[in-house]
Amino acid sequence: QVQLVESGGGLVQPGESLRLSCAASETTFSLYAMGWYRQAPGNQRDLVATMNTAGSTTYGDSVKGRFTISRDYAKNTVYLQMNSLKPEDTAVYYCEAQIYTGTEYLDAWGQGTLVTVSS
């Protein structure tokens, strides 16, 4: 079974930086792609960044050039470095992992960490 735990959220002012971490505790299934999504009040959950096992990355248009995803495969941990934060980045950020059960691919989700950007 897989559990994802996010950390690093908080309150910051516009222009500041924040680093999120997500650790996966996995003893049964293989982990493939890992990434971050976010959801602001009243909105859908949107892609922030993902990285597969080959190191290929995908970023949402609104964060390109400001956010960087990285991954420590040995620790089953994914990070999100967020620079030049804007009020529009305010949201609950969710960690996601693609899991192979041996039969099929499934998505596991963390409980989320709140990032608030405000002056």
Side-chain angles (χ1 to χ4, degrees):
Q1 297 180 349
V2 176
Q3 287 188 314
L4 303 178
V5 181
E6 304 101 331
S7 63
L11 173 64
V12 296
Q13 296 184 3
E16 294 183 340
S17 298
L18 205 59
R19 183 177 176 86
L20 305 183
S21 299
C22 173
S25 298
E26 199 280 318
T27 60
T28 303
F29 307 113
S30 298
L31 302 178
Y32 289 86
M34 296 187 71
W36 296 92
Y37 293 74
R38 67 186 183 186
Q39 187 169 15
N43 294 332
Q44 66 181 30
R45 189 172 297 184
D46 295 323
L47 167 72
V48 177
T50 63
M51 177 179 285
N52 65 18
T53 54
S56 180
T57 59
T58 301
Y59 291 94
D61 290 338
S62 64
V63 306
K64 290 179 180 177
R66 299 188 298 120
F67 291 9
T68 303
I69 188 171
S70 60
R71 185 171 174 178
D72 187 330
Y73 296 93
K75 296 181 178 180
N76 291 329
T77 300
V78 65
Y79 306 92
L80 184 68
Q81 179 66 45
M82 304 183 293
N83 298 328
S84 302
L85 283 162
K86 305 175 181 179
E88 309 94 271
D89 297 318
T90 297
V92 176
Y93 284 70
Y94 295 92
C95 178
E96 180 264 353
Q98 188 181 62
I99 301 167
Y100 184 61
T101 66
T103 303
E104 59 188 347
Y105 288 95
L106 299 174
D107 287 332
W109 294 90
Q111 65 181 8
T113 184
L114 177 63
V115 173
T116 302
V117 185
S118 177
S119 59

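FYI, side chains are in, hydrogens and waters are out, and symmetry mates aren't considered; it's all heavy atoms of this structure.
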Go through it in stages, so that I can follow the logic: the residues are Glu96 and Val78, the test is side-chain contact (heavy atoms from CB on, under 4.5 Å), and I'd like the CA-CA distance, side-chain angles, deciding distance and then a yes or no. CA-CA 9 Å; Glu96 180 264 353; Val78 65; over 6 Å; no
Let me confirm one number: the [atom1]-[atom2] distance from [X] to [Y], rounded to the nearest 0.5 Å.
{"X": "Tyr73", "Y": "Leu31", "atom1": "OH", "atom2": "CG", "result": "11.0 Å"}
{"X": "Tyr32", "Y": "Thr53", "atom1": "OH", "atom2": "OG1", "result": "7.5 Å"}
{"X": "Asn52", "Y": "Met34", "atom1": "CG", "atom2": "CE", "result": "12.5 Å"}
{"X": "Leu47", "Y": "Trp36", "atom1": "CG", "atom2": "CH2", "result": "13.0 Å"}
{"X": "Ser17", "Y": "Leu85", "atom1": "OG", "atom2": "CG", "result": "6.5 Å"}
{"X": "Phe67", "Y": "Leu20", "atom1": "CZ", "atom2": "CG", "result": "8.0 Å"}

Distance-only, no hydrogens or angles: does the [X] side chain make a donor-acceptor pair with backbone N or O of [Y] under 3.5 Å?
{"X": "Glu6", "Y": "Cys95", "result": "yes"}
{"X": "Thr50", "Y": "Gly35", "result": "no"}
{"X": "Tyr59", "Y": "Ile69", "result": "yes"}
{"X": "Thr90", "Y": "Val117", "result": "yes"}

Cluster link [X] to [Y], ILVMFWY, side chain under 4.5 Å:
{"X": "Tyr93", "Y": "Val5", "result": "no"}
{"X": "Tyr94", "Y": "Leu114", "result": "yes"}
{"X": "Val63", "Y": "Tyr37", "result": "no"}

Locate the shortest heavy-atom distance separating [X] from [Y]; write the atom from each residue and the value.
{"X": "Met51", "Y": "Arg71", "answer": "O-NH1, 3.1 Å"}
{"X": "Leu18", "Y": "Gly10", "answer": "CD2-N, 4.0 Å"}
{"X": "Pro14", "Y": "Ser119", "answer": "CD-N, 3.7 Å"}
{"X": "Thr77", "Y": "Lys75", "answer": "OG1-O, 3.0 Å"}

Sub-4.5 Å side-chain heavy-atom contact between [X] and [Y]:
{"X": "Trp109", "Y": "Val2", "value": "no"}
{"X": "Arg38", "Y": "Asp89", "value": "yes"}
{"X": "Asp107", "Y": "Gln98", "value": "yes"}
{"X": "Leu80", "Y": "Thr68", "value": "no"}

More than 12 non-hydrogen atoms from neighbouring residues, nucleotides or ligands closer than 6.0 Å to CD on Glu16, yes or no?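 Yes.
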